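From a predicted model like this one, the values you see are computed outputs, not experimental measurements.
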Amino acid sequence: MGVHRDAGRVVRKGRVTERKAGGSTEDQALLQRQEPDFVHEDPWRVMRIQSEFVEGFDALAAIPIAISVFGSARMARDDPMYEAARQVGAELAGAGFAVITGGGPGVMEAANRGCQEAGGLSVGCNIELPFEQRMNDYVDLGIDFSYFFVRKTMFVKYAEGFVVFPGGFGTFDELFEALTLTQTGKIQHFPVVLFGAHYWEGLIGWLRDRPLSEGKISESDLDLFQVLDDPDDVVPHIQGVLARREGPGPRDDSDPRRQPHVRPGKADAQ
C-alpha cells in the first residue's frame, strides 16, 4: 500500500492484485463453491478482506462530510445527465461536502469532475472487474477494492446521503441497500435523491402498484427518497434532511428504533 501524487491528485493504491487466468476476480473466488480443500485458502482470504477494510477506513476517516453519487458508467459525456451530475458535484463541493463515487467513467466521472473543478475533495472507490475499469481523471483520493461488499461499506459509512442518477444493476443495488438500512433503523435521516424523474417514474409506479398495494412496504417507506430534476435543488434537500437529525454532530445518536419510519418487526432485510 502506498500514496503517490499524479498530476496534483493524491491516489491511494491498495495491494497489488494478480489477475487470475480467465479474468476472474477475488469476489468470484470467494463466492463460488469450492472443493473441500478450500479450508486451506479461505482463512487467509479473510486476512485480505480485513486488509481492505483497514485500508479503506484509514484512507477515508479524515475526509469532510461527504455525499455518495451513483449512476451509469456507460453514460456518454454528451448526455444531459452527465452535465447534470457535473453540476451536482460542483454544488455539493460549494456547500462543503466531499463527493464519493465508484471512481469510474460516466456519471461517476461527471460528479468527480464537478467536485474537483469547484475545489472540493473528489473521492473514488474503484472496484476490480473482469474487464478493466480505470480510475477517472478527476479523483483526488482514489482507493482500489477487490471486494464489492467492502467497497459498499465505504459508500455508506463515509457518506451522509446518496444522489442516485440513472443507472443499471449496480446503481439499483446501492439505492436499495441505502433504503433498507434507513427503513430498518441502521442509518438515520439519510437523504436519498433520485435524480431524473422520467427515468425513475416506472420504478416508483411499480413500488406503488405492487409492494405498497400488497402491504409489503408502507406509505412512509416511499418518503425515504426524494425525486428531483434540478441540480440546484439537491443540496437544499440534503441539508434539510440532515438538519432534522436529533443527535450532536453530523450523525444522529438517538435510538433508531424511535424513528417513525422504522418497522422493527419487519423481516424485509432478512
For this session: Please examine the side chains of Val192 and Val163, heavy atoms only from C-beta on, and report whether any two atoms are closer than 4.5 Å.
Result: no
For this session: Working to the nearest 0.5 Å, report the span between CG of Leu194 and CD1 of Ile204.
Result: 5.5 Å
Exercise. Which pair of non-hydrogen atoms, one from Gly196 and one from Asp229, has the smallest distance, and what is that distance?
Worked result: CA-OD1, 3.3 Å
Exercise. Would a hydrophobic clustering, with Ile, Leu, Val, Met, Phe, Trp and Tyr connected at side-chain separations under 4.5 Å, put Val46 with Val150?
Worked result: no
Exercise. Is there a side-chain contact between Ser146 and Glu52, using heavy atoms and a 4.5 Å cut-off?
Worked result: yes
Seminar exercise, completed: Residues passing the side-chain contact (heavy atoms from CB on, under 4.5 Å) test with Glu201, sequence neighbours excluded, are His198
Problem set entry | Cluster link Phe145 to Phe53, ILVMFWY, side chain under 4.5 Å | yes
Seminar exercise, completed: Minimal heavy-atom distance between Pro191 and Leu242, with the atoms involved, is CD-CD2, 3.8 Å
For this session: Spell out, as yes or no, whether a donor-acceptor pair under 3.5 Å connects the side chain of Tyr199 to the backbone of Gly167.
Result: yes
Side chains of residues 171-179: which donor-acceptor pairs under 3.5 Å do they make with residues two or more places apart or in other chains?
unit_1	atom_1	unit_2	atom_2	d
Asp173	OD1	Lys152	NZ	3.3
Asp173	OD2	Lys152	NZ	3.0
Glu177	OE1	Lys152	NZ	2.9

For this session: Say whether Leu181 and Leu224 are linked into one hydrophobic cluster, either directly or through other cluster members, by side-chain heavy-atom distances under 4.5 angstrom.
Result: yes
Problem set entry | Sub-4.5 Å side-chain heavy-atom contact between Phe57 and Met154 | yes
Problem set entry | Test side-chain contact (heavy atoms from CB on, under 4.5 Å) applied to Asp233 - qualifying residues, sequence neighbours left out | Leu228, Asp230
Problem set entry | Glu219: side chain to side chain donor-acceptor pair (under 3.5 Å) partners, not counting sequence neighbours | Arg208
Exercise. Quick one: does Lys186's side chain get under 4.5 Å of Thr182's, heavy atoms only?
Worked result: no
Exercise. Which atom names give the shortest non-hydrogen contact between Ala59 and Ile143, and what distance separates them?
Worked result: CB-CD1, 3.6 Å
Exercise. Okay, side chain of Asn126, backbone of Arg134: is any donor-acceptor separation there less than 3.5 Å?
Worked result: no
For this session: Find out whether Val193 and Phe225 are in side-chain contact, i.e. whether some heavy atom of one side chain is under 4.5 Å from a heavy atom of the other.
Result: no
Problem set entry | Exercise: identify the closest heavy-atom pair between Tyr158 and Ala61 | CE2-CA, 3.8 Å
For this session: First locate atom CD1 of Ile217, then atom CZ of Arg210, and finally report the distance between them rounded to the nearest 0.5 Å.
Result: 12.5 Å
Seminar exercise, completed: ring pair (Phe, Tyr, Trp, His ring centres under 6.0 Å) filter on Phe190, not counting sequence neighbours, yields Phe162
Exercise. Can you check whether Val107 reaches Thr101 side chain to side chain, under 4.5 Å on heavy atoms?
Worked result: no
Exercise. How many angstroms lie between atom CG of Leu207 and atom CG of Asp221, to the nearest 0.5 angstrom?
Worked result: 10.0 Å
For this session: Can you see which heavy atom on Leu212 is nearest to which on Ser218, and at what distance?
Result: CD1-C, 3.5 Å
Mind listing the side-chain donor-acceptor pairs of residues 87-100 below 3.5 Å, one per line with the distance, residues two or more places apart or on another chain?
unit_1	atom_1	unit_2	atom_2	d
Gln87	NE2	Asp232	OD1	3.3

Exercise. Any donor-acceptor pair under 3.5 Å linking the side chain of Trp200 with the backbone of Phe195?
Worked result: yes
If you look only at distance, which donor and acceptor atoms sit under 3.5 Å apart when one is on a side chain in residues 63-83 and the other is two or more places apart or in another chain?
unit_1	atom_1	unit_2	atom_2	d
Ser68	OG	Phe155	O	3.1
Ser72	OG	Arg74	N	2.9
Arg77	NE	Glu109	OE2	2.8
Arg77	NH2	Glu109	OE1	3.3
Arg77	NH2	Glu109	OE2	3.0
Asp79	OD1	Met81	N	2.8
Tyr82	OH	Glu109	OE2	2.5
Tyr82	OH	Arg113	NH1	3.3

Seminar exercise, completed: One should read off an interatomic distance between Met108 CE and Ser122 OG, to the nearest 0.5 angstrom, of 12.0 Å
For this session: Output the distance between atom CG (Asp144) and atom CD (Glu55), rounded to the nearest 0.5 Å.
Result: 9.5 Å
